[in-house]
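Along the sequence shown, the residues carry numbers beginning at 1. Hydrogens, waters and symmetry mates play no part in the numbers below; they use all other heavy atoms, side chains included.
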Amino acid sequence: MTPTRRESTETLPSESSRNPAEPQSRTVWEALSPTVLEAIARCDAERLEVERSRVAPHLREGTTVPVYSVVGRFASWERLIRRLESDWDDDDFYPVSAYSNDLDSRDALDQVMRALPEEAGAGPLGQLLARLDARFRAATLPDPERSLRPWVRPTSELPEGELGEWWGRKPVRIPWAD
């Protein structure tokens, strides 16, 4: 039997019972309107179908929650920022491919936010994304030369000028260069 991940509609733990390693962004879900939560559920259902289409038939039935859910993408973005803010814990293995994946995940958050009702961008979810982006900018340096581009490339085919600002920044300390 294939193990399944926790359903994204489960009640989230309270702040007092939260594991300190768990992303704080999850608390925002408690403040979202039913309309926004329904739109997120639709985004996750669409993503689940994409992910299920990419696995062998015998694995499809056990895949009930998307790996790249909306809440998971926010958590991924926050985890990257926490790593940047802590100047990369020496025990934390973080390859350059993971950095590219996290930046791609941030691109996906832009797509998700455009697909959600307008109130999502103006409400707690949009405010959360703005706070996370500000923390990212504070924990990184501008990289106008795109010095990481030989190793860190977006999966989208957008021209360089149309990429999100995160693609034009680099960590203060680059862990995979040590």
Please report the shortest heavy-atom distance between [X] and [Y], naming the atom on each side.
X: Ala122; Y: Gln127; result: O-NE2, 3.5 Å
X: Met113; Y: Ala120; result: CE-O, 3.8 Å
X: Arg169; Y: Glu165; result: CG-O, 3.5 Å
X: Pro124; Y: Ala31; result: CG-O, 3.9 Å
X: Leu103; Y: Leu80; result: CD2-CD2, 4.4 Å

Q: Take the angle between the ring planes of Trp29 and Phe74 and call it parallel below 30°, perpendicular above 60°, tilted in between.
A: perpendicular
[atom2] on [Y] to [atom1] on [X], rounded to 0.5 Å:
X: Arg60; Y: Leu48; atom1: CZ; atom2: CG; value: 11.5 Å
X: Arg82; Y: Trp88; atom1: CZ; atom2: CH2; value: 14.0 Å
X: Leu84; Y: Asp102; atom1: CG; atom2: CG; value: 9.0 Å
X: Leu129; Y: Asp133; atom1: CG; atom2: CG; value: 4.5 Å
X: Thr64; Y: Arg52; atom1: OG1; atom2: CZ; value: 8.5 Å
X: Arg153; Y: Ser97; atom1: CZ; atom2: OG; value: 12.5 Å

(Q) Taking atom CD as the centre, does Glu145 end up with more than 12 heavy-atom neighbours from other residues, nucleotides or ligands that are less than 6.0 angstrom away? (A) yes
Is a side-chain donor or acceptor of [X] paired with a backbone partner of [Y] at a separation under 3.5 angstrom?
X: Asp44; Y: Val70; value: yes
X: Ser53; Y: Val50; value: yes
X: Thr63; Y: Leu59; value: yes

Heavy atoms, side chains only, cut-off 4.5 Å: are [X] and [Y] in contact?
X: Arg135; Y: Glu78; answer: yes
X: Glu49; Y: Glu46; answer: no
X: Lys170; Y: Thr140; answer: no
X: Leu132; Y: Phe136; answer: no
X: Leu125; Y: Ile40; answer: yes
X: Arg173; Y: Asp87; answer: yes
X: Ile174; Y: Leu148; answer: yes

Q.
Let's go through Arg47 and Glu51 carefully: what are the C-alpha distance in whole Å and the side-chain angles of both, what is the deciding distance for salt bridge (charged side-chain N to carboxylate O under 4.0 Å, His left out) to 0.1 Å, and is it a yes or a no?
A. CA-CA 6 Å; Arg47 181 65 203 178; Glu51 291 179 15; 2.9 Å; yes
Q) Would you say Trp151 and Leu163 are hydrophobically clustered, going by side-chain heavy atoms of ILVMFWY under 4.5 Å? A) yes
Q: Using the rule that two of Ile, Leu, Val, Met, Phe, Trp, Tyr join whenever any of their side-chain heavy atoms come within less than 4.5 Å, decide whether Val172 and Tyr99 are in one cluster.
A: no
Q.
Any donor-acceptor pair under 3.5 Å linking the side-chain atoms of Ser105 with those of Arg73?
A. yes
Q) Under 3.5 Å, is there a donor-acceptor pair linking the side chains of Asp107 and Trp167? A) yes
Q | Lys NZ or Arg CZ of Arg106 over Trp166 ring: under 6.0 Å, within 45° | A | yes
